[in-house]
Amino acid sequence: MAVGWHRPTKLVIDTQAIKENVGNEVKRMPQGTELFAVVKANGYGHGAVQTAKAAIEGGATGFCVAILDEAIELREAGFTEPILILSVVDVSYIDLLLKYNLSVTVATQEWLEQAIEQLNHIETQTPLKIHIKVDTGMGRIGFTTPEAVKQTVELVQSTQTLDWEGVFTHFSTADEKDISYFEKQTHRFQAVLSVLVELPRYVHVSNSATALWHPDNVGNMIRFGIAMYGLNPSGRALPETYPLKPALSLVSKLIHVKELSAAEGIGYGNTYTTTENEWIGTVPIGYADGWLRHLQGFSVLVNGERCEIVGRICMDQCMIRLPKQTAVGTQVTLIGQDHGEEITMQMVADKLETIHYEVACTFSERMPREYK
Ligand SMILES: *Cc1c(COP(=O)(O)O)cnc(C)c1O
């Protein structure tokens with residue numbers, strides 16, 4: 001995809017903020033705990049490689065990704081730390097898991113049996129690193145009973161070509177005030193651990209929300225995702241345990257400014273009509289960049305003043321109502337701070353009736369990421 005290097009619209013990523021957010025968590029987590037930075041989905045849209053670099057500087061000692069290709073991207077960029085792939089990888093790619101020294105999630109006995117079969121055909125000295133996933137109530141992937149986990153562990157331990165590196169689960173409500181379901185999942189995980197004769201190097205349960213709001217319950221490794229990017233995992237539901245510093249800003253510049261008289265239409269479908277003489281500015285960002293049409297009526301910042309997005313957002317451009325004549329080339333802040341005013345990812349998420357996770361992942365590859 002062509003990246004818009006020659007257009008003034010860009011995501012600006014504050015790598016120092018990522019480093020600080022990771023550092024603050026590393027400082028407070030229990031001794032003997034490691035932090036793995038979750039950089040799936042291109043580092044939640046922030047850029048996987050640069051984010052990973054900042055996380056290591058902040059004290060992370062490993063990474064989690066969602067898919068094999070994301071792990072390979074990190075290895076090709078030169079990272080040598082442990083990388084855990086959190087979702088299921090087809091057994092036919094075991095050669096790649098070994099080649100790139102990756103750890104993989106095991107969620108069923110069948111997968112493991114097929115993996116062992118594959119491994120028997122591969123001439124390899126190094127065993128495949130696996131983390132056993134326990135489904136304690138997320139209902140996504142993983143073993144659901146202590147017996148099934150025990151049986152799998154026995155199979156793993158009887159197999160030379162496997163290296164049992166971890167056991168883990170994932171909470172579905174760690175970001176909520178009501179902790180009853182969280183406790184139910186905790187008890188189920190404890191029940192699994194209690195039938196195991198020994199434990200692997202990594203026993204992990206903690207996403208960002210668990211790390212922030214259940215700090216006594218993190219196991220010995222934290223899978224630190226959204227909070228690393230400076231975003232509150234709960235949205236607005238729970239207060240941040242310590243201040244998180246947002247890493248992402250989205251800026252552009254006015255490319256066209258004009259004064260219209262009253263009763264002029266703006267944009268496709270003519271959904272906005274000027275009511276008086278109005279200064280209208282055009283901003284070179286649209287839904288192809290992930291600046292979605294539903295943001296019509298939302299505001300952006302120009303010289304610290306909130307300006308409404310008027311008319312429908314187009315694929316590549318949108319229009320805003322300026323309070324006065326403003327020069328072409330003036331900066332437009334769509335997310336971030338400007339003259340003491342701020343538009344947050346959470347505000348964008350509220351307007352889109354979604355969560356900031358989704359907003360961050362929706363920004364398209366067309367927008368360049370600038371790192372500072
Ligand atoms: C994405 C993911 C995380 C990170 O979650 P955050 O809420 O972003 O901290 C942790 N564990 C698993 C299994 C995940 O899929």
Side-chain angles (χ1 to χ4, degrees), residues 17-18 21-22 24-26 28-29 33-46 48 51-52 55 58 60-68 70-71 74 82-89 102-107 130-143 165-176 182 185-186 189 202-215 217-238 240-242 244-248 345-346 349 354-362:
I18 293 171
N21 292 326
V22 170
N24 284 335
E25 181 57 35
V26 167
R28 75 191 280 271
M29 65 193 190
T33 309
E34 290 187 46
L35 186 149
F36 278 25
V38 184
V39 295
K40 60 192 180 190
N42 197 28
Y44 295 40
H46 293 60
T51 298
T61 53
F63 303 108
C64 297
V65 295
I67 67 174
L68 174 57
E70 294 168 347
L74 293 180
I83 302 175
L84 169 61
I85 302 170
L86 295 168
S87 59
V88 179
V89 177
L102 304 171
S103 307
V104 70
T105 295
V106 174
I130 61 153
H131 289 231
I132 295 175
K133 179 71 180 283
V134 186
D135 181 3
T136 54
M138 176 72 181
R140 192 164 61 182
I141 55 171
F143 297 88
E165 192 181 49
V167 60
F168 72 114
T169 194
H170 190 52
F171 292 116
S172 59
T173 62
D175 58 345
E176 292 180 10
F182 178 89
Q185 286 194 264
T186 301
F189 193 61
Y202 294 113
V203 178
H204 51 111
V205 300
S206 183
N207 54 4
S208 298
T210 309
L212 292 186
W213 295 299
H214 304 275
N217 209 319
V218 293
N220 59 15
M221 185 263 268
I222 293 174
R223 306 185 302 266
F224 206 54
I226 198 77
M228 171 169 75
Y229 305 97
L231 300 170
N232 181 332
S234 76
R236 299 186 187 279
L238 296 172
E240 288 169 9
T241 311
Y242 52 89
L244 299 170
K245 201 166 174 188
L248 180 146
M345 293 274 279
Q346 183 60 45
T354 183
I355 54 174
H356 47 49
Y357 289 77
E358 193 179 43
V359 176
C361 294
T362 302

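These values consider heavy atoms only, across backbone and side chains, with no hydrogens, waters or symmetry-generated copies. Just so you know, ligand 1 is whichever comes first in the structure, and atom 1 is the first atom listed for that ligand.
Checked by distance only, ligand 1 and Leu86 stay at 3.5 Å or farther apart across all their nitrogen or oxygen atoms. Considering backbone and side-chain atoms together, Ile226 places an N or O closer than 3.5 Å to an N or O of ligand 1. Close N/O approach between Tyr44 and ligand 1 is found [any backbone or side-chain N/O within under 3.5 Å].
Nearest protein heavy-atom neighbour of atom 14 (C) of ligand 1: Lys40 NZ, 3.0 Å. Regarding atom 12 (C) of ligand 1, its nearest protein heavy-atom neighbour is His170 CE1, 3.4 Å. Nearest protein heavy-atom neighbour of atom 11 (N) of ligand 1: Arg223 NE, 2.8 Å.
To the nearest 0.5 angstrom, Ile141 atom CD1 is 4.5 Å from Lys133 atom NZ. The NE2 atom of His170 sits 8.0 Å away from the OG1 atom of Thr210 when rounded to the nearest 0.5 Å. For the atom pair Leu248 CG and Met345 CE, the distance stands at 5.0 Å (nearest 0.5 Å).
Ligand 1 lies nowhere less than 4.0 angstrom from a heavy atom belonging to Met138.
Looking only at distances, a side-chain donor or acceptor of Thr186 sits under 3.5 Å from a matching main-chain atom of Phe182. At least one donor-acceptor pair under 3.5 Å links the side chain of Asn21 to the backbone N or O of Met228. Checked by atom type and distance alone, the side chain of Glu25 never pairs as donor or acceptor with a backbone atom of Val22 at under 3.5 Å. Side-chain atoms of Asp135 do not come within 3.5 Å of backbone N or O of Phe143 as any donor-acceptor pair.
Less than 4.0 angstrom separates some heavy atom of Arg140 from each of these atoms of ligand 1: 13 (C), 15 (O). Listed by number with element, the atoms of ligand 1 under 4.0 angstrom from any heavy atom of Tyr357 are 6 (P), 7 (O), 8 (O).
Proximity of Ser208 to ligand 1, defined as any heavy-atom pair under 4.0 Å, is shared by backbone and side chain alike. With a 4.0 Å heavy-atom cut-off, ligand 1 is reached by no atom of Met228.
The only option from Tyr202, Phe224, Phe63 that meets the ring pair (Phe, Tyr, Trp, His ring centres under 6.0 Å) definition with Phe36 turns out to be Tyr202.
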